[in-house]
Amino acid sequence: MIKEKAKEKLKDATLQRNLSSFCRAFKASWEKAYGKWDFHKLREEVSAVKRPEKERIKRRFEAFKKNAEKHGAKVYQAKDAEDACRYIASVCRKARSNVVVKSKSMTSEEIRLNLYLKREGINAVETDLGEWILQLAQEPPSHMVMPAIHKSREEVAELFRQKLNEEVDPNDIKQMVKIARKHLRKAFFEAKVGITGANMAVAETGTIALLTNEGNGRLVATVPPIHVVLLGYEKLVDSFEDALKILRVLPKSATGQNISTYVSWITPHKETHFVFLDNGRLAFAEHEIYSEALKCIRCGSCANFCPVYEKVGGHVFGHVYVGAVGIILTALFHKSSVSRELLSLCAGCKSCSYYCPAGIPLDRLIDRLSLDLERADFKLKLANRLLLSPGLAQRGAKAASKIKDSLSGFNPKLSHFAGDTIFRDELKSLKTESSSGEKVLFFPGCAVEYIFAEDGVNTIKLLERLGFAPEVPEKPVCCGYPMVRSGDASSATKAALRCVELIKDAEKYRWIITICPTCAFALRELLQNLCRKSPEHFKKAHRLRDKVLTIGQLLEKTDPEIASCERITYHNPCHQLKGLLFSPQKWLSAKLKENFVPLKEPDRCCGFGGSFSIEMQELSDSILEDRIASVIETKAAKIITDCPGCMLHIKYGLSRRGSRMEVEHLSTFVLKNLK
Amino acid sequence: MKKKTALFLKESEGVGNENIVLEREELESLPFDEFGFIELPSLKIRKEASIGIEGISKALIEAQLAVAETGTVVVDDSDESARLAASLCDELHVVVYEDRIVGKLEDTRKYLKEKASQPAFIAFITGASRTADIERVLTTGVHGPEKMVVYLVKEKRVDKRKGKRKA
């Protein structure tokens with residue numbers, strides 16, 4: 001089971017050290033590489049260039065074929081893995097090439113080309129150092145760009161000793177590279193066929209671009225007399241102009257380099273075979289949302305920025321393709337059942353989408369896949385039903401608060417899910433002032449209703465102090481996000497319809513305010529689509545969408561004055577920063593001046609992720625530990641955040657470390673410190 | 001010095017290249033004997049070598065363009081022996097004429113398109129052959145050059161249409 005595999009990886013100290021230092025170093029070089037560039041603008045351009053419409057793909061392919069054939073190249077259209085392998089093997093046989101050299105190609109991994117060729121008696125030698133090491137170790141790559149990132153120098157030295165009979169000091173990496181150079185140089189000259197992928201294929205001239213740092217790509221394309229290029233249709237672009245746009249982002253997002261050392265632009269000049277792989281691509285080019293995955297430029301940054309990948313690596317969080325896009329591509333090109341398992345590893349932090357240089361909304365693709373594959377098991381479905389029956393949920397919440405201590409003995413994390421009171425009880429005793437201010441709707445959401453009642457009450461008071469006349473929906477209502485995340489389609493639709501019904505006349509409110517960015521994200525971005533089967537609800541969902549704000553967004557707009565306070569720090573909830581693309585940190589730090597201490601790595605996830613925090617507790621706890629370490633480092637008296645989920649998790653994390661730092665919701669903090 | 005030139009030199013140094021800024025005359029007095037392979041169309045110098053599995057120690061070639069943004073040299077590598085020499089040498093030395101430096105990657109578009117209308121192999125080269133595949137330790141010389149030297153020539157190019165001179 002994937003959960004067990006993840007746990008194993010958490011115990012692998014070498015892997016933990018390698019991945020953690022890799023991901024951190026990558027982020028720093030990513031920042032440096034993008035430097036003065038406007039990342040969002042660059043990625044919009046790439047996203048437009050890679051728009052995966054079937055007609056465009058067809059047109060590009062025809063142009064590429066015509067131009068490549070003009071120079072004598074063969075262009076073969078392979079419908080699936082078997083077809084592509086068969087064609088490539090026949091090229092090798094005809095050339096009497098028992099040894100072929102390859103430069104790294106994920107597409108060749110996708111079709112398991114090496115295995116096929118081996119069965120045909122052809123030895124395919126990987127020439128990328130990392131891939132070659134893995135070939136010696138008989139392991140698959142664990143990363144699209146850094147395939148051997150999970151291997152330590154000691155393991156490599158041992159491998160060289162066993163497989164190559166080469167003794168080498170594990171600390172002498174330079175010598176290891178020399179050994180590889182010697183062995184691989186021989187293979188280049190033995191092979192009669194060189195197989196590469198292509199990073200871009202330029203239709204206007206029939207040219208491919210090949211990026212490597214080692215220079216193995218250009219050697220594979222140069223030394224053997226025959227060049228085979230295996231590529232998916234999605235690698236096609238119209239022009240050099242478009243290819244250069246991809247070139248600008250690909251190395252930056254792949255390795256944090258400005259550019260890869262070698263970029264080869266090859267227009268057929270010797271015996272060349274282009275093998276275009278379909279394997280589902282042409283079908284999914286027509287899919288309303290999965291087609292987005294065809295924009296992928298294989299940079300691997302959705303893995304590099306993923307807090308889960310950082311913990312378990314690509315052997316667990318991936319199939320052939322790893323990380324967030326790997327979840328999707330596994331379903332598209334391989335098996336849904338594998339993809340279904342991978343889905344349960346996603347913490348839902350949206351880092352993948354936030355950093356995707358091709359602008360693929362990976363989080364939405366993942367959510368949609370979760371729903372399409374009905375990921376939710378019995379337990380998750382039961383929990384979702386509970387949230388749809390407020391009466392039952394309230395009784396459950398009250399019961400939980402009574403047994404908080406015994407829950408703590410069972411699993412300390414669970415006790416943090418229990419509040420002291422429920423929101424609706426508190427609401428009864430709340431005296432609201434009649435106000436002539438603008439009407440706003442406060443949307444409490446499940447976390448406030450059942451766990452953080454006090455923050456809900458404080459928000460109503462704060463809204464009044466800010467001059468508004470707040471109202472709340474007459475009954476507890478769920479935004480539907482837990483159902484979407486857990487892949488429970490029928491409950492998600494029910495929740496969405498109920499939500500629209502209970503918000504009622506959205507027109508009469510100036511704003512709809514939440515203190516949970518997840519609710520805000522769901523209401524703004526998901527609700528309408530979930531209501532697509534009911535035209536009436538769909539229309540209403542559209543009307544309310546633009547009125548939704550988080551309390552942080554409202555505070556930035558209204559800009560109230562804050563009295564001085566103790567030293568505080570702030571944690572960005574992922575769904576606000578990476579989902580709504582907003583952070584109140586700037587506002588907060590401007591108000592608090594020297595009393596504000598920023599957290600290191602302000603976009604790091606706390607590892608909560610709703611049901612993920614329980615389903616994958618060890619993993620979730622491990623992600624949390626990293627966040628807590630930087631929280632404690634600030635030596636602040638209090639940490640502010642504006643997501644009840646993050647609050648819950650950080651409270652738990654701090655208590656585990658025995659820290660007495662306070663955790664407070666932004667809403668409550670501002671209310672207490674208003675001037 | 002022009003802004004583009006300064007940026008090119010900075011980026012080139014950033015990837016570990018040795019940059020040598022020269023006058024046109026100084027270029028002619030480079031120790032050509034030290035190179036196993038030379039291809040300098042602007043000086044009409046070509047020194048052939050058959051490149052085998054052992055590679056060669058030093059190759060000297062000329063860039064058609066250079067990109068300031070990335071510190072890249074753009075080489076027409078369509079000639080196979082020149083490409084093998086540049087790929088399998090221990091040290092790659094590249095002559096870059098200042099007036100051939102463009103600011104941005106997209107400024108190479110026209111050149112690429114023109115070249116690609118015929119069978120061609122155009123290489124963007126930005127530093128020595130490198131890997132970080134073992135524990136992310138940066139190591140050069142994995143397949144090709146361990147070192148790259150750039151000669152930046154501060155002058156306009158001479159006419160190259162006349163006959164070739166053997167070195």
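Note on naming: letters A, B, ... go to the chains in the order of the sequence lines (proteins, then strands), and numbering restarts at 1 for each one. Note: hydrogens, waters and symmetry copies are ignored here, and every other heavy atom, side chains too, is used.
Interface remark: B/T72 contributes side-chain atoms only to the contact with chain A (heavy atom separation under 4.5 Å). Using a 4.5 Å cut-off between heavy atoms, A/I266 contacts chain B through both its backbone and its side chain. Both the backbone and the side chain of A/A148 come within less than 4.5 Å of a heavy atom in chain B. With a 4.5 angstrom heavy-atom cutoff, A/W132 does not touch chain B via any of its atoms. Residue B/T140 touches chain A through both its backbone and its side chain, counting heavy-atom pairs closer than 4.5 Å. Heavy-atom distances place both the backbone and the side chain of A/K174 under 4.5 Å from chain B. Heavy-atom distances place both the backbone and the side chain of A/L129 under 4.5 Å from chain B. In this structure, the portion of B/E54 lying under 4.5 Å from any heavy atom of chain A is its backbone and not its side chain. Residue A/F189 touches chain B through its side chain alone, counting heavy-atom pairs closer than 4.5 Å. Only the backbone of A/S260 comes within contact range of chain B, judged by heavy atoms closer than 4.5 Å. Only the side chain of A/T207 comes within contact range of chain B, with heavy atoms under 4.5 Å apart. Proximity to chain A involves both the backbone and the side chain of B/E69, based on heavy atoms less than 4.5 angstrom apart. Using a 4.5 Å cut-off between heavy atoms, A/I133 contacts chain B through its side chain alone, with no backbone atom that close.
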TODO: Tell me, with the steps shown, if A/K102 and A/E131 meet salt bridge (charged side-chain N to carboxylate O under 4.0 Å, His left out).
DONE: CA-CA 10 Å; A/K102 283 180 69 203; A/E131 290 269 347; over 6 Å; no
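Ranking B/K104, B/Q118, B/E80, B/K110 against chain A, the residue ahead of the rest is B/Q118, based on heavy-atom pairs under 4.5 Å. Note on A/K245, A/R181, A/M146, A/H269: by heavy-atom pairs under 4.5 Å with chain B, the leading option is A/R181. If you tally non-hydrogen atom pairs under 4.5 Å between each of B/E135, B/K115, B/R109 and chain A, the highest count goes to B/E135. Across B/V74, B/L112, B/I51, the residue that shares the most heavy-atom pairs under 4.5 angstrom with chain A is B/L112. Listed options B/L88, B/V67, B/V75 were ranked by heavy-atom pairs under 4.5 angstrom with chain A; first place goes to B/L88. Among A/T261, A/T205, A/T222, the residue with the largest count of heavy-atom pairs under 4.5 Å with chain B is A/T261. When each of B/V15, B/D77, B/I53 is checked for heavy-atom pairs under 4.5 Å with chain A, B/I53 comes out on top. Chain B forms more heavy-atom pairs under 4.5 Å with one residue of A/R185, A/Q257, A/H71 than with any other, namely A/R185. Chosen from A/R248, A/K182, A/K70, the residue pairing most often with chain B at heavy-atom distances under 4.5 Å is A/R248.
With hydrogens and angles left out, the side-chain atoms of A/S253 and A/Y34 include a donor and acceptor closer than 3.5 Å. Defined by atom type and a distance below 3.5 Å, a donor-acceptor pair is missing between the side-chain atoms of B/S87 and B/H143.
Among all heavy-atom pairs drawn from A/A73 and A/F274, the shortest one is CB-CE1, 3.7 Å. Of all the heavy atoms in B/F37 and B/A82, the pair that sits closest is CZ-CA, 3.5 Å. Closest of all the heavy-atom pairs between B/A66 and B/V96 is CB-CG1, 3.7 Å. The two residues A/C299 and A/L250 have their closest heavy-atom pair at CB-CD1, 3.7 Å.
Put simply, the residue from B/I38, B/D79, B/L40 that forms a side-chain contact (heavy atoms from CB on, under 4.5 Å) with B/R46 is B/D79.
Ring planes of A/F39 and A/W30: perpendicular class, angle over 60° (limits at 30 and 60°).
Residue B/T139 holds its OG1 atom at 9.5 Å from CE of A/M176, rounded to the nearest 0.5 Å.
In this structure, A/W265 has its ring center at least 6.0 angstrom away from the ring center of B/Y111.
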